[in-house]
Amino acid sequence: MTSPVQTIEKKEKEALKAIKKTEHHAYNLAKHFLSRKRFNRFLHILGPGLVTGAADDDPSGIATYSQAGAGYGMGLLWAFPLMYPFLLAIQESCSRIGAITGKGLAAVIKENYSKKWLYMSVALVVVANTINIGADLGAMAATTQLFVDLPFALLAIFYAVVIVLLVVFINYKTYAKILKWLAIALLAYPITTFLVDQDWVVVLQHTFLIRPEITFDTMYILVGMLGTTISPYLFFWDTSEVVEEEIAKHNRLSIGRDEKPTRRFLRNLQIDNFVGMTLANVTAWFIVIACASTLFKSGITEINTAADAARALEPLVANFPNAGFIAKLIFSVGIIGLGLLAVPVLAGSSSYAISEAFGWKEGLYRKFNRAKGFYGVIILATLVGLSMNFIGLDPIKALIFTAVFNGVAAVPLLYMIARVGSNQAIMGEYRNSRLSNIFVRLTFVLMTAAVGVLFYSFVR
């Protein structure tokens with residue numbers, strides 16, 4: 001028979017077990033909540049840097065990286081670890097300029113340097129962007145023709161109109177969210193790479209051992225890879241979008257005045273840029289590997305059509321009926337989705353540059369009737385780029401030429417970014433660190449040398 005004391009002790013033990021179980025459950029719930037909260041906060045941090053990184057792998061980038069893989073196999077993989085720290089340094093510097101000054105890059109140049117530098121910088125980015133817009137619209141139209149029997153011109157006009165309407169009439173916050181999720185289209189290439197048998201030792205050897213081959217064709221693709229990765233439009237877009245992000249969060253005035261918020265915001269900018277630029281660089285690396293493992297191995301060393309480029313994704317759906325059709329569909333979704341992402345960025349960066357140069361009201365957060373000049377430039381830039389598709393340019397060749405032109409145009413702009421980022425009168429205590437300055441200046445030297453060798457190999 002159980003005594004009253006034993007009964008009480010038993011009940012106490014059961015109560016303690018119940019309390020411990022409840023505490024454990026509460027701890028797990030709190031841990032889950034905090035983890036989810038941290039993850040949501042991390043997603044909230046991602047903004048201009050992620051959008052910039054995703055736009056970096058636009059149709060021009062995909063075409064250039066695909067041609068690098070098809071034409072040279074794994075032979076140009078060493079370019080990616082070389083470009084990566086330079087890409088991070090440049091975009092972090094651009095973000096910092098926007099955060100500290102509260103102005104876009106063209107406005108900063110206008111206020112602190114001669115008109116010669118201002119007009120040269122604006123002209124370079126506008127010309128490069130217009131060519132890029134035309135090439136991207138052409139690629140979107142040519143890709144759509146894989147499935148739809150419609151005239152190329154009609155499709156190009158359709159995409160231009162859709163993009164203009166999205167930019168003009170969609171709220172900036174909503175539009176930014178759309179831009180973030182379009183980056184998912186880039187996952188097709190990494191997945192394909194892992195589905196194809198790879199000798200990863202060979203892949204890593206080609207990635208981390210520099211094996212330069214100096215011929216005109218090689219330098220043309222290499223400058224294109226540099227130009228589509230470290231592009232002029234990214235400099236202007238990222239700088240201005242950081243300012244817009246601050247305006248959207250209603251704390252722009254804290255920059256440069258309240259030390260703690262500024263440091264926290266700059267740290268968030270670094271995280272955002274790190275994620276965005278890493279996404280861009282790693283995805284581009286996978287695009288080259290995927291095309292080297294499929295197109296190059298199959299003897300397809302020249303990409304002449306969208307269908308040629310789409311073949312790189314066939315291993316992704318090899319076990320499905322009509323694998324070729326599905327591969328074209330996935331490729332088309334990527335090209336069209338990233339085109340919808342990139343063309344507004346290209347047109348927007350041109351508009352920021354021109355609006356800041358002439359002192360117009362600018363910003364995607366403004367309504368159309370309050371920034372008619374700004375939106376007018378976006379519309380005009382898109383239409384001028386569209387017109388390039390009616391002069392008989394080959395869509396695929398135009399994409400790669402665009403990347404090369406971006407590489408050439410980036411050189412003087414990198415020089416200006418190096419000057420602005422290290423200028424204490426402009427940046428104050430937040431000017432670039434010594435390490436950042438070294439990488440920014442090395443980027444300028446690298447791009448200058450690559451362009452110089454390209455021209456030398458052309459005239460030799």
Side-chain angles (χ1 to χ4, degrees), residues 56-77 79-80 131-132 134-147 152 155-156 185-186 188-190 192-193 196 206 213 215-229 283-317 323-339 342 388-389 392-407 454:
D56 205 15
D57 290 326
D58 69 333
S60 175
I62 291 173
T64 304
Y65 301 134
S66 296
Q67 183 56 60
Y72 300 94
M74 308 286 182
L76 293 176
L77 289 179
F80 292 104
I131 295 171
N132 210 336
D136 283 358
L137 288 172
M140 294 164 71
T143 300
T144 306
Q145 283 186 311
L146 294 174
F147 307 96
F152 173 86
L155 291 169
L186 295 169
Y189 287 95
T192 300
T193 299
V196 178
H206 280 88
E213 180 184 341
T215 65
F216 174 75
D217 291 339
T218 305
M219 291 307 302
Y220 188 78
I221 290 295
L222 185 58
V223 171
M225 290 171 67
L226 287 167
T228 199
T229 303
T283 303
W285 182 70
F286 276 117
I287 292 173
V288 174
I289 297 173
C291 292
S293 305
T294 54
L295 302 180
F296 181 76
K297 282 188 176 180
S298 301
I300 303 173
T301 58
E302 189 74 22
I303 295 177
N304 295 309
T305 65
D308 290 340
R311 291 181 191 176
L313 295 175
E314 287 185 0
L316 185 64
V317 289
F325 175 84
I326 298 174
K328 289 177 184 177
L329 181 62
I330 296 171
F331 174 77
S332 299
V333 169
I335 289 289
I336 294 168
L338 290 167
M388 293 179 57
N389 289 285
L393 293 177
D394 179 276
I396 301 298
K397 296 292 189 295
L399 291 172
I400 299 173
F401 171 79
T402 296
V404 176
F405 188 87
N406 276 328
L454 173 65

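- The minimum heavy-atom distance between Thr64 and Ala403, with the atom names listed, is OG1-CB, 3.3 Å.
- Between Ala135 and Leu399, the shortest heavy-atom contact is O-CD2, 3.3 Å.
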side-chain contact (heavy atoms from CB on, under 4.5 Å) assessment of Leu77 paired with Ile289: CA-CA 8 Å; Leu77 289 179; Ile289 297 173; 3.8 Å; yes
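- In this structure, Gly134 and Asn389 approach most closely via the heavy-atom pair O-ND2, 3.0 Å.
- No donor-acceptor distance shorter than 3.5 angstrom exists from the side chain of Glu314 to the backbone of Thr294, with no hydrogens or angles considered.
- Note: Thr143 OG1 to Phe331 CZ = 5.0 Å, rounded to the nearest 0.5 Å.
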Sequence neighbours excluded and cut-off under 3.5 Å, please list the side-chain donor-acceptor pairs for residues 302-312, or say none.
from	atom 1	to	atom 2	distance (Å)
Asn304	OD1	Lys397	NZ	3.1
Thr305	OG1	Ala307	N	3.4
Thr305	OG1	Asp308	N	3.2
Thr305	OG1	Asp308	OD2	3.4
Asp308	OD2	Asn304	N	3.1
Asp308	OD2	Thr305	N	3.3

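- Not counting sequence neighbours, the partners of Ala68 by the side-chain contact (heavy atoms from CB on, under 4.5 Å) test are Leu76, Ile221, Met225, Val288.
- Taken from CD1 in Ile300 to OG in Ser66, the straight-line distance is 12.0 Å, to the nearest 0.5 Å.
- Leu222 and Ala79 get closest at one heavy-atom pair: CD1-CB, 4.0 Å.
- In this structure, the side chains of Asn406 and Thr228 stay at 4.5 Å or more apart for every pair of heavy atoms.
- Contact of the Thr215 side chain with the Tyr220 side chain is not registered, since no non-hydrogen atoms from C-beta on lie closer than 4.5 Å.
- Counting only residues at least two apart or on different chains, the ring pair (Phe, Tyr, Trp, His ring centres under 6.0 Å) pairs with a member in residues 286-308 are Phe194-Phe286.
- Here salt bridge (Lys or Arg N to Asp or Glu O under 4.0 Å) pairs that include residues 287-300, with residues two or more places apart or in two chains, number zero.
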Trace of the side-chain contact (heavy atoms from CB on, under 4.5 Å) decision for Phe405 with Ile400: CA-CA 9 Å; Phe405 188 87; Ile400 299 173; over 6 Å; no
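- Here the closest non-hydrogen pair linking Met140 and Gly339 is SD-CA, 3.6 Å.
- Under the rule for a side-chain contact (heavy atoms from CB on, under 4.5 Å), the partners of Ile326 that lie at least two apart in sequence or sit in another chain are Val317, Phe320, Ile330.
- For the pair Pro395/Phe152, a side-chain contact is recorded, criterion being any heavy-atom separation below 4.5 Å from C-beta on.
- With rounding to the nearest 0.5 angstrom, the CD1 atom of Ile131 is 12.0 Å from the CG atom of Asp136.
- Asn132 places no side-chain N or O within donor-acceptor distance of the main-chain N or O of Ser60, the cut-off being under 3.5 Å.
- Taking 4.5 Å as the limit, some side-chain heavy atom of Leu454 sits within range of a side-chain heavy atom of Val404.
- With sequence neighbours left out, Phe147 forms a side-chain contact (heavy atoms from CB on, under 4.5 Å) with Phe325, Lys328, Leu329, Ser332.
- Side-chain contact check for Tyr65 versus Phe80: some heavy-atom pair is nearer than 4.5 Å.
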